[in-house]
Peer 1: 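I'd like to ask you about the structure that follows.
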Amino acid sequence: MLLARDFVGYMAREVTKRLIAEQVIEASAPDDLAARVRTVMQEEISVEDRLNEEVRQILTQYADDMRKTGASYQEMYKKVKGQLARQRKLILR
């Protein structure tokens, strides 16, 4: 997903700040908590990027076969991505 790293940091700080303000959580070090939340958010956001890269690598391996059979790259991309997402139980937007 195309989100700036600074924006992810901002979102993490805001989420942490609001959870503390609404007394949903307690934190002795809010800045450390915000950093941990940012790390987790960044990892979660990059799941689809890593999946897309893996799909590209798979399709590169089968490029000759796809050309011979006349398979559409876009259709195969969707199918492979969907299959990998189902296997890994990922929820994509």
Side-chain angles (χ1 to χ4, degrees):
M1 183 176 201
L2 299 175
L3 286 178
R5 187 175 298 244
D6 293 339
F7 186 65
V8 174
Y10 169 76
M11 287 189 312
R13 285 189 305 276
E14 286 299 309
V15 166
T16 304
K17 183 174 26 173
R18 289 179 187 182
L19 288 173
I20 292 170
E22 294 176 17
Q23 298 179 345
V24 175
I25 61 172
E26 294 179 15
S28 58
D31 292 336
D32 292 340
L33 178 60
R36 290 174 57 193
V37 170
R38 182 188 55 76
T39 300
V40 171
M41 289 173 79
Q42 190 67 41
E43 288 173 10
E44 185 64 30
I45 289 170
S46 67
V47 165
E48 188 170 3
D49 294 335
R50 291 191 304 268
L51 181 67
N52 289 339
E53 183 57 34
E54 187 174 347
V55 170
R56 283 187 211 100
Q57 289 174 355
I58 290 170
L59 292 181
T60 299
Q61 293 172 358
Y62 291 98
D64 292 335
D65 294 334
M66 288 171 50
R67 234 177 275 117
K68 289 176 188 174
T69 61
S72 166
Y73 182 87
Q74 289 80 12
E75 288 299 315
M76 291 303 297
Y77 188 90
K78 288 178 190 176
K79 288 181 181 184
V80 172
K81 184 175 178 179
Q83 181 65 31
L84 289 176
R86 279 189 299 280
Q87 286 174 350
R88 296 174 186 173
K89 297 179 181 168
L90 299 174
I91 298 172
L92 304 176
R93 42 201 165 336

Peer 1: Using a cut-off of 6.0 Å, state whether more than 12 heavy atoms not belonging to Gln87 lie near its atom CD.
Peer 2: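 Above 12, so yes.
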Peer 1: Do Glu53 and Arg56 have side-chain heavy atoms sitting under 4.5 Å apart?
Peer 2: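 Heavy-atom side-chain distance check passes, below 4.5 Å.
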Peer 1: If you group Ile, Leu, Val, Met, Phe, Trp and Tyr by side-chain heavy-atom gaps below 4.5 Å, do Met41 and Phe7 land in one group?
Peer 2: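 Same cluster.
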Peer 1: Give the cluster check for Met11 versus Val40: same hydrophobic cluster or not, with ILVMFWY residues linked at side-chain heavy-atom distances below 4.5 Å.
Peer 2: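 Cluster IDs for Met11 and Val40 differ.
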Peer 1: Quick one: pull up CD1 in Ile91 and CD in Glu48 and give me the separation to the nearest 0.5 Å.
Peer 2: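 Separation between the atoms: 12.0 Å.
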Peer 1: Would you call Glu54 and Ile58 a side-chain contact if the rule is heavy atoms closer than 4.5 Å?
Peer 2: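 Yes, side chains in contact.
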Peer 1: Any Lys/Arg nitrogen of Glu14 or Arg18 sitting under 4.0 Å from an Asp/Glu carboxylate oxygen of the other?
Peer 2: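 Counted as a salt bridge, because a side-chain N and a carboxylate O are separated by less than 4.0 Å.
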Peer 1: Is the shortest side-chain heavy-atom distance between Leu33 and Ile25 below 4.5 Å?
Peer 2: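 Yes - at least one pair of side-chain heavy atoms lies under 4.5 Å apart.
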Peer 1: Find out whether Met76 and Leu59 are in side-chain contact, i.e. whether some heavy atom of one side chain is under 4.5 Å from a heavy atom of the other.
Peer 2: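 Met76 reaches Leu59 side chain to side chain.
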Peer 1: Do Val8 and Leu19 belong together in a cluster built from hydrophobic side chains that touch within less than 4.5 Å?
Peer 2: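 Shared cluster, yes.
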Peer 1: On a heavy-atom basis, which atom in Leu51 and which in Ala85 lie closest, and how many Å separate them?
Peer 2: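 Looking at all heavy atoms of both residues, the shortest contact is CD2-CB, 4.3 Å.
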Peer 1: Indicate the atoms forming the closest heavy-atom contact of Lys81 with Val55, along with that distance.
Peer 2: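 In this case the closest contact between Lys81 and Val55 is CA-CG2, 3.7 Å.
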Peer 1: Looking only at heavy atoms, what is the nearest atom pair of Met66 and Tyr73, with distance?
Peer 2: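 Met66 and Tyr73 have their closest heavy atoms at CE-CA, 3.7 Å.
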Peer 1: Please give me the minimum heavy-atom distance between Ile45 and Asp49, naming the atom from each residue.
Peer 2: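 Closest approach of Ile45 to Asp49: O-OD2, 4.2 Å.
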Peer 1: For Ala34 and Ala12, work out which heavy atoms get closest and say how close.
Peer 2: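 Heavy atoms of Ala34 and Ala12 come nearest at O-CB, 3.6 Å.
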Peer 1: How long is the straight-line distance from CZ of Arg86 back to CG of Leu92, given to the nearest 0.5 Å?
Peer 2: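 Rounded to the nearest 0.5 Å, the CG-CZ separation comes out at 10.5 Å.
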Peer 1: List the atom of Pro30, the atom of Thr16, and the distance in Å for their closest heavy-atom pair.
Peer 2: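 In terms of heavy atoms, the two residues are closest at O-CG2, 3.9 Å.
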Peer 1: Could you tell me the separation between the CZ atom of Arg67 and the OH atom of Tyr62, rounded to the nearest 0.5 Å?
Peer 2: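 Reported value, rounded in 0.5 Å steps: 15.0 Å.
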Peer 1: How about CD on Gln83, more than 12 heavy atoms from neighbouring residues, nucleotides or ligands closer than 6.0 Å, or not?
Peer 2: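 Yes, because the 6.0 Å sphere around CD of Gln83 holds more than 12 heavy atoms from other groups.
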